[in-house]
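See structure below.
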Amino acid sequence: MSITGIKGMNDILPGDVETWQHLEEQARKVFGAFGYREIRVPVVEKTDLFCRSIGETTDIVEKEMYTFSDKGGTSMTLRPEGTAPVMRSFIQHKMYAQDPVSKLYYIGPMFRHERPQKGRYRQFHQIGAEVIGVDDPKIDAQVLAMLSHYFQTTKIPDVVLQINSLGCPECRPSYRETLISFLEQHIASLCADCQRRYTTNPLRVLDCKVPGCKEATVDAPAMLKNLCIGCETHFGQVKEHLEALSVSYTVNPRMVRGLDYYTKTTFEMVTGSLGSQNAVAAGGRYNGLIKDLGGPDLPGIGFAIGLERLALMLGEQSIEPPRPELFIATLGETATKAGFTMLTRLQREGVLVEMEYTGKSLKAQLRRADKMKTRRVLILGGDELERGVAQLRNMDQSSQEEVDLDGLEGRLLREIHDA
RNA sequence: GUGGGUGUAGCUCAGUCGGUAGAGCACUGGAUUGUGGCUCCAGUUGUCGCGGGUUCAAUCCCCGUCACUCACCCCA
């Protein structure tokens with residue numbers, strides 16, 4: 001048996017990769033216009049970084065990380081998400097000393113050891129953006145405006161923006177307590193999972209899909225009703241700004257996050273067309289994170305987009321390879337040599353040119369040229385070469401003319417550039 | 001971690017009520033001593049996922065295992 005790839009880690013082959021390039025190019029364009037600059041950070045970090053940022057009791061940290069010891073014995077982890085490494089880098093390079101506001105984006109692979117299924121893989125790819133240094137609700141709204149604009153320009157169908165507020169260290173702990181005591185009274189009607197997690201992660205119970213849990217929690221106290229003054233006005237202003245920017249959204253008071261660092265505004269772009277892996281982008285504000293990681297007390301907000309899920313939504317249509325401008329078909333050794341040097345000269349001019357290297361029949365060469373959907377074929381024969389001419393065939397029109405080799409390359413280059 | 005489905009040619013799949021296998025596409029060559037797409041003809045490719053059991057005989061039945069996949073869980 002030959003060596004295969006690793007479960008849940010996929011190859012992106014020609015024909016599919018063009019979709020990915022499109023998604024990445026659009027992100028660079030859109031994010032660039034909003035003033036974001038790219039940052040590239042390693043895929044491996046010290047394990048501690050993720051434990052401290054994502055949260056010790058989250059599923060990600062408890063059971064999904066690719067963690068190993070390097071030769072010096074330090075525990076390292078393949079990054080399961082992008083925000084923590086970016087914040088680590090931000091702090092380490094004291095980026096706050098250069099500019100009070102940093103707007104950064106990243107593109108790259110993330111790793112989580114989960115059971116793979118549609119839209120969920122062990123190596124997956126995210127495009128993320130982060131704004132550090134501003135707590136103003138205008139920024140929350142602007143981030144959401146940029147995100148929904150990105151979905152419009154990439155022509156991703158059927159996504160809706162859901163927003164919520166998770167409160168802050170002032171209001172969340174007391175809400176948590178009232179929620180736990182509510183859940184205790186209804187524990188009998190909760191599913192086994194919720195009975196287990198209602199103390200560790202009570203907010204998650206509100207997001208449970210089991211009908212019984214939904215019913216039991218209909219009258220549960222809502223975070224949005226228990227926000228402190230600061231969080232409430234912040235959330236209200238976010239909504240106002242979204243309306244002013246004509247960004248459509250719905251409030252989902254039961255939306256929760258899988259990472260502990262989120263505060264205040266949280267959001268998801270949700271689709272109905274991907275089954276249960278329905279979040280195609282998600283994020284929120286994380287005002288305490290940078291301080292927790294040993295940096296200054298600066299607010300932040302950001303999101304990550306799941307590229308596999310977008311690629312799935314854009315459909316399976318495989319993209320055709322580009323059409324060569326010219327195929328050089330040759331007969332005989334001297335013509336083949338001459339054709340080969342011409343091929344290379346034109347390629348150096350940036351023109352897509354092909355030829356057959358293995359000395360097949362002219363018929364076979366033309367068939368191959370046709371299969372590649374070549375626009376033109378230059379037929380170089382031995383006798384013609386001596387006379388300084390060749391046959392130039394237009395494959396679309398099935399027409400052919402004899403051309404002088406002298407000045408031919410210049411003529412072709414002009415023709416190709418004019419088209 | 002739990003459950004379901006599927007594993008036959010490069011791809012999509014058929015098939016054998018147990019006697020070691022086929023189609024379409026793709027690929028190669030020919031019908032035109034130097035000319036593609038259409039058509040016609042010919043040809044190549046499989047340890048029928050792997051291991052074990054039952055049997056005279058297993059790709060087919062049974063058990064195990066691995067892989068892929070979908071769902072739960074979780075999440076982008």
Side-chain angles (χ1 to χ4, degrees), chain A residues 1-2 4-8 10 13 15 23 54 58-64 79-83 107-129 147 159 191-194 196-197 201 204 207-210 255-259 267-271 274-284 302-313 318 327 329-332 335 356 358 360-385 390-400:
Chain A
M1 194 55 185
S2 53
T4 58
I6 293 169
K7 183 204 269 291
N10 303 124
L13 303 178
L23 292 170
I54 296 170
T58 58
D59 276 23
I60 294 176
V61 171
E62 274 185 350
K63 46 196 189 199
E64 294 172 3
R79 61 182 186 195
E81 61 105 30
T83 299
I107 300 179
M110 308 294 162
F111 304 85
R112 291 182 202 173
H113 192 106
E114 300 178 270
R115 193 78 174 264
Q117 71 184 72
K118 187 178 184 185
R120 189 179 78 183
Y121 307 100
R122 290 185 174 178
Q123 175 174 329
F124 61 102
H125 298 78
Q126 291 187 330
I127 301 179
L147 182 60
V159 285
C191 72
D193 280 323
C194 287
R196 176 178 50 76
R197 70 188 164 198
N201 196 350
R204 176 67 60 195
D207 195 41
C208 186
K209 291 168 197 100
V210 176
M255 188 177 72
V256 292
R257 294 263 59 101
L259 293 75
F267 50 89
E268 272 179 24
M269 298 289 300
V270 178
T271 174
L274 278 182
S276 55
Q277 309 301 315
N278 64 350
V280 291
F303 61 79
I305 300 168
L307 281 176
E308 284 64 12
R309 292 181 186 180
L310 292 199
L312 277 170
M313 292 181 74
S318 185
F327 188 100
T330 60
L331 290 155
E356 171 68 50
T358 52
K360 294 199 171 159
S361 69
L362 183 60
K363 181 209 252 320
Q365 293 183 68
L366 275 159
R367 205 179 303 153
R368 187 162 157 73
D370 182 62
K371 219 182 125 205
M372 292 177 170
K373 304 215 161 60
T374 314
R375 293 177 201 280
R376 313 169 185 78
V377 175
L378 186 71
I379 302 166
L380 264 184
D383 320 340
E384 287 156 319
L385 193 61
Q391 305 298 321
L392 182 61
R393 183 169 183 79
N394 181 315
M395 294 295 275
D396 293 336
Q397 292 166 17
S398 296
S399 62
Q400 189 168 317

request  = Mind running side chain to side chain contact (heavy atoms under 4.5 Å, CB included) on A/Arg367 and A/Lys363 for me, showing each step along the way?
outcome  = CA-CA 6 Å; A/Arg367 205 179 303 153; A/Lys363 181 209 252 320; 3.0 Å; yes

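Rounded to whole Å, the separation between the C1' atoms of B/rA9 and B/rA14 comes to 13 Å. B/rU54 and B/rC63 are spaced 11 Å apart, taking the C1' atom of each and rounding to whole Å. For B/rU45 and B/rC62, the P atoms lie 32 Å apart once the distance is rounded to whole Å. Of the P atoms belonging to B/rC13 and B/rG18, the separation is 25 Å, rounded to the nearest Å. Using atom P as the reference point in both B/rU16 and B/rC11, the two lie 23 Å apart (nearest Å). Atom name P, nucleotides B/rC50 and B/rC66: the rounded distance is 15 Å, in whole Å. Comparing B/rG22 with B/rU55, their C1' atoms sit 26 Å apart, to the nearest whole Å. Rounded to whole Å, the C1' atom of B/rU6 lies 16 Å from the corresponding atom of B/rU65.
By the 4.5 Å heavy-atom criterion applied to side chains, A/Asp59 and A/Glu64 are counted as neighbours. The side-chain heavy atoms of A/Gln400 and A/Ile379, taken from C-beta on, include a pair separated by under 4.5 Å. Residues A/Val159 and A/Met313 are in side-chain contact: their nearest non-hydrogen atoms beyond the backbone lie under 4.5 Å apart. Looking at A/Ile127 and A/Leu307, their side chains come closer than 4.5 Å, going by heavy atoms from C-beta outward. Contact of the A/Arg368 side chain with the A/Thr374 side chain is not registered, since no non-hydrogen atoms from C-beta on lie closer than 4.5 Å. Contact check for A/Lys63 versus A/Glu114: no side-chain heavy atoms found under the 4.5 Å cut-off.
For the pair A/Arg112 and A/Glu81, the salt-bridge criterion is not met [side-chain N within less than 4.0 Å of a carboxylate O].
Among B/rC73, B/rG36, B/rC27, the nucleotide with an atom closest to any side-chain atom of A/Arg120 is B/rC73. Comparing B/rC72, B/rG34, B/rA26 by their nearest atom to the side chain of A/Asp383 picks out B/rG34. Nearest nucleotide to the A/Arg115 side chain, out of B/rG34, B/rA76, B/rG1: B/rG1. Of the candidates B/rA76, B/rG34, B/rG36, the closest approach to any side-chain atom of A/Glu114 belongs to B/rA76.
Considering only side-chain N and O atoms, A/Gln117 lies under 4.0 angstrom from the phosphate OP1 or OP2 of B/rC72. When the side-chain nitrogen and oxygen atoms of A/Lys118 are compared with OP1 and OP2 of B/rC70, none of them lie within a distance under 4.0 Å. The phosphate of B/rG34 has neither OP1 nor OP2 within less than 4.0 Å of any side-chain N or O from A/Lys363.
With rounding to whole Å, A/Glu62 atom CD is found 15 Å from B/rG1 atom P. Taking atom CG of A/Leu366 as the reference point, atom P of B/rU32 lies 17 Å away to the nearest angstrom. When the P atom of B/rA76 is taken as reference, atom CD of A/Gln277 falls 11 Å away, rounded to whole Å. Taking atom CZ of A/Arg122 as the reference point, atom P of B/rU69 lies 11 Å away to the nearest angstrom. Straight-line distance from the CD atom of A/Gln397 to the P atom of B/rG36: 18 Å, rounded to whole Å. In this entry the distance linking CD1 of A/Ile6 with C1' of B/rC66 reads 16 Å, nearest Å. For the pair A/Leu362 CG and B/rA31 P, the computed distance is 13 Å after rounding to whole Å. Rounded to an integer number of Å, the gap from NZ of A/Lys7 to P of B/rU69 is 8 Å.
With hydrogens and angles ignored, a donor-acceptor pair closer than 3.5 Å exists between the side chain of A/Ser398 and the base of B/rG37. Residue side chain A/Arg367 does not reach the base of B/rU35 through any donor-acceptor N/O pair under 3.5 Å, judged by distance alone. Residue-to-nucleotide contacts include no donor-acceptor pair under 3.5 Å from the side chain of A/Gln391 to the base of B/rU35.
What you find for A/Gln123 and A/Phe111 is that their closest heavy atoms are OE1-CE2, 3.2 Å.
In terms of position on RNA chain B, the residue among A/Asp396 and A/Ile379 whose nearest nucleotide sits closer to the 5' end is A/Ile379. Ranked by how close their nearest RNA chain B nucleotide is to the 5' end, A/Asn10 and A/Gly283 are led by A/Asn10.
Pair check for B/rC17 finds none; no Watson-Crick or G-U wobble contact set falls under 3.5 Å. Nucleotide B/rA9: unpaired (no Watson-Crick or G-U wobble partner with both distances less than 3.5 Å). Here B/rC27 sits opposite B/rG43 as a Watson-Crick or G-U wobble pair (both hydrogen-bonding atom distances under 3.5 Å). Across all strands shown, B/rG3 forms a Watson-Crick or G-U wobble pair, both distances under 3.5 Å, with B/rC70. Base-pair partner of B/rU65: B/rG49 (Watson-Crick or G-U wobble, both distances under 3.5 Å). Base pairing analysis places B/rA58 opposite nothing; no Watson-Crick or G-U wobble pair with both distances below 3.5 Å involves it. The nucleotide B/rC38 finds no pairing partner, because no Watson-Crick or G-U wobble arrangement with both distances shorter than 3.5 Å includes it. Pair assignment for B/rU33: none, as no Watson-Crick or G-U wobble contacts are both less than 3.5 Å.
Note on A/Lys63: nothing from the nucleic acid sits closer than 4.0 angstrom, heavy atoms only. A/Arg368 comes within 4.0 angstrom of no nucleic acid atom, judged by non-hydrogen atoms across all strands. A/Glu268 comes within contact range of no nucleotide atom at all, as no heavy-atom separation falls under 4.0 Å. Within 4.0 Å of A/Glu384, counting heavy atoms only, lies at least one base atom of the nucleic acid. Residue-level contact check: A/Thr374 touches neither bases nor backbone, having no heavy atom under 4.0 Å from any strand. Looking at heavy-atom distances under 4.0 Å, A/Lys360 makes contact with sugar-phosphate atoms alone, never a base. Contact annotation for A/Tyr121: base contact, defined as any heavy-atom pair under 4.0 Å involving a base atom. Residue A/Leu259 is in sugar-phosphate contact alone, with no base atom involved, counting any heavy-atom pair closer than 4.0 Å across all strands shown. As judged by a 4.0 angstrom heavy-atom cut-off over every strand, A/Gly119 is placed among the base-contacting residues. When heavy atoms are screened at a 4.0 angstrom cut-off, A/Ala369 is found touching no nucleic acid atom at all. Among the heavy atoms of the strands, none lies under 4.0 Å from A/Asn201.
For the atom pair A/Glu308 CD and A/Leu23 CG, the distance stands at 10.5 Å (nearest 0.5 Å).
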